[in-house]
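Step one of this worksheet: look at the structure below.
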Amino acid sequence: MQKLHIYNSLSGKKEEFIPLVPGKIGMYVCGPTLYSEPHMGNMRTFINFDFIYRCLLHLGYDVKYVRNITDAGHITNSAGQEVDSIGKVAKAEQLQSLEIVYKYNVKFQTLQQLYNLLPPSIEPTATSHIQEQIEAIEKILSNGYAYVTNGSVYFDVRAYMNDYPYGTLSGRKVDELEAETRTLQSQGEKRFFADFALWKKAHAEDMQIWRSPWGDGNPGWHIECTAMSTKYLGKSFDIHGGGMDLKFPHHEDEIAQNCGAFGCNPARFWLHANMLNVNGQKMSKSLGNFFLPKEIIEGSSPLFDKPYSPSVVRFFMLQSHYRSTLDFTKEAINASEKGFERLMEGMSLMEKIEPSQSSSFLVSDIIKATSDAICDDFNAPILIATLFDVVKHVHLLCDGKEQLTQEDLNLLKSIFTNMVHGVLGIEPVKKEENKRLEGVMEVIVALRQQAREQKNWNMSDMIREGLEKAGIQIKDNKEGTSWT
RNA sequence: GGUCUCGUGGCCGAGCGGCUAGGCACCGGUCUGCAAAACCGUCUACUCCGGUUCGAAUCCGGACGAGACCUCCA
């Protein structure tokens, strides 16, 4: 198996990846919170980790991919403010929290299919792991890294810092943090500003309430990931992923909880996907500069003039590296769409190639280039560039300017389709099934062909221009006439 | 304010000290009744100023600019 190098946020460097158990990988990725429909920025992260998952599978690893679903409102933030996002939406929509969660879960599952995300091995939900969360909290308590105040449990960062460093992932120092925190005054029940809730006492108006040894309440924001990653992957596993914006405090606190409970960092490799930008700024709910994955497919977003297929959107996103920010503009995705079509065209052209007695280039070079790209921190843009190189070869092969033996040809086809469908997860755009239109077009094309044979250019041009106005483009190829 | 990241040709976007991706657009060509489409080819960029080096987009220092995190956020 080729050496795989992955950029590890913990060290800030690319490191050789060696799984804990040979041939097997445990990967945990922070999934959505079900209080609204995920926007395109959220999707980018899921698409990126789907690509990474596909890469790992392609490399032959047996991957256990866990992506959680947060269906319990996080009841606190580090400023001590009460923020129950799910409960808030539930009240606004006059529904129960469970209905909100169910509603957005259905939407999320639909989106996953639309965008061709492979289903994770398991998608555990926070609410069905309350017991595991309570047990994790008890562990942290008994290890002396948490305290109970008035029915709530807080992580004791100062006690923790006696035994472990805090802030290693995000590169923060607690004394600096303190000076920089803007909302020092609202510390509330916490002993120390950096402490965070593991369990929060319930309020009468809370919609989701669970029993616990400390009274009725709700789990804190970070503990679900600790509980569920431990349950499904163990105290220590290979890869933990998520969006860049979760690095602090969420992932930092996850590390603290895991160390506090089990004495070890949960993951050896931490991967962070970068943000999707709109006009150079992070796409976010609060800024309102977002559009939905559904809108771009339907063409209903005012930011774009037309719909794009999910594969085009995926392709567009994978043309940038997961650790880079990506600006989503009309111009950029239009450019990608053209490239996407060229790639797909190359793929179908490949079927027409006739095998030769000898090969004029090495397919093994191409295979090596693709796996080099994948093994260099999942470099999708380089992988795509390699595929365009294949497209170039395909054209030359069709023109008879290059040759491949049947064996090499089969190899080329297999690597190409494997990369496009299996690894990039993109599919040719299906033409709308419209039997009647197809029948009509067949007649029109035949009529035009007849006019052309009679050199009746007025007629043939009139047909062409008329169709153009109707949004149908005529393409005269050597083999005949096609339309789109 | 603190911490961090980034600044590449008309646009998007790779690059991790020498071999100077890729896509789109432009331009030129092939093809075509003409056009479109398709294909082929061309275009050599790294914010600025210093430094290290035989050699820097790539390393170091500084300036300017942009962004992220420090509050829920993928």
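Throughout, protein chains are lettered first and strands after them, A, B, ... in sequence-line order, and every chain is numbered starting at 1. Only heavy atoms go into these numbers, but all of them, side chains included; no hydrogens, no water, no symmetry mates.
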What is the distance from [atom1] of [X] to [atom2] of [N], rounded to the nearest Å?
X: Lys14(A); N: C16(B); atom1: NZ; atom2: P; value: 7 Å
X: His39(A); N: C72(B); atom1: NE2; atom2: C1'; value: 12 Å
X: Asn274(A); N: G13(B); atom1: CG; atom2: P; value: 11 Å
X: Arg44(A); N: A74(B); atom1: CZ; atom2: C1'; value: 10 Å
X: Glu453(A); N: C34(B); atom1: CD; atom2: C1'; value: 17 Å

Under-3.5 Å donor-acceptor pair between [X] side chain and [N] base:
X: Asp389(A); N: G22(B); value: no
X: Ser460(A); N: G33(B); value: yes
X: Arg464(A); N: C34(B); value: yes
X: Asn379(A); N: A14(B); value: no

Parallel, tilted or perpendicular: which fits the ring planes of [X] and [Y], with parallel below 30° and perpendicular above 60°?
X: Tyr166(A); Y: Phe248(A); answer: perpendicular
X: Phe388(A); Y: Phe315(A); answer: perpendicular
X: His129(A); Y: Tyr232(A); answer: perpendicular
X: Phe196(A); Y: Phe155(A); answer: parallel

Counting any heavy atom closer than 4.0 Å, what does [X] reach on the DNA or RNA strands: base, sugar-phosphate only, or nothing?
X: Asp327(A); value: sugar-phosphate
X: His250(A); value: nothing
X: Gly41(A); value: base
X: Leu246(A); value: sugar-phosphate
X: Leu343(A); value: nothing
X: Met283(A); value: base
X: Ser320(A); value: sugar-phosphate
X: Leu276(A); value: base
X: Ser170(A); value: nothing

Any strand counts, and the cut-off is 3.5 Å on both contacts for Watson-Crick or G-U wobble. Which nucleotide pairs with [N]?
N: C39(B); answer: G29(B)
N: C46(B); answer: none
N: C69(B); answer: G2(B)
N: A57(B); answer: none
N: C64(B); answer: G7(B)

Residues Lys247(A) and Ser9(A): side-chain donor-acceptor under 3.5 angstrom: no
Check: Thr125(A) main-chain N/O paired with Asn68(A) side-chain donor or acceptor under 3.5 Å: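 Here the side-chain-to-backbone pair does not exist.
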Between [options], spot the one nearest the side chain of [X], thanks.
X: Gln473(A); options: A36(B), C40(B), G33(B); result: A36(B)
X: Thr33(A); options: A74(B), A37(B), G33(B); result: A74(B)
X: Ala385(A); options: G23(B), C34(B), G22(B); result: G22(B)
X: Phe388(A); options: G23(B), C40(B), A14(B); result: G23(B)
X: Arg452(A); options: C40(B), A14(B), G33(B); result: G33(B)
X: Pro381(A); options: C72(B), G13(B), A37(B); result: G13(B)

Lys/Arg N to Asp/Glu carboxylate O, Asp389(A) vs Lys392(A), below 4.0 Å: no
Pair Asp476(A) + Arg448(A): basic N to acidic O under 4.0 Å: yes
Residue whose nearest RNA chain B nucleotide is more 5′ - Phe315(A) or Tyr322(A): Tyr322(A)
Lys338(A) or Glu468(A), whichever maps to the more 5' nucleotide of RNA chain B: Lys338(A)
Identified side chain to side chain donor-acceptor pair (under 3.5 Å) counterpart of Ser336(A) within the set Glu331(A), Gln319(A), Arg314(A), Glu341(A): Gln319(A)
Ring-on-base stacking A74(B) with Phe46(A) (under 5.5 Å, under 30°):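 No, Phe46(A) does not stack on the base of A74(B), since the centre distance and plane angle fail the 5.5 Å and 30° test.
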Where protein sits on nucleotides 63-69 of chain B, one letter per nucleotide: B base, S sugar-phosphate only, - none, heavy atoms under 4.0 Å: ----SSB
Rounding to an integer number of angstrom, what distance separates [N] and [M] when you compare their [atom1] atoms?
N: C59(B); M: U5(B); atom1: P; value: 12 Å
N: A57(B); M: U44(B); atom1: C1'; value: 13 Å
N: G23(B); M: G9(B); atom1: C1'; value: 14 Å
N: C12(B); M: U20(B); atom1: P; value: 24 Å
N: C11(B); M: G17(B); atom1: P; value: 27 Å
N: C24(B); M: G41(B); atom1: P; value: 13 Å

Charged tip of Arg67(A) within 45° of Phe49(A) ring normal and under 6.0 Å: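 No.
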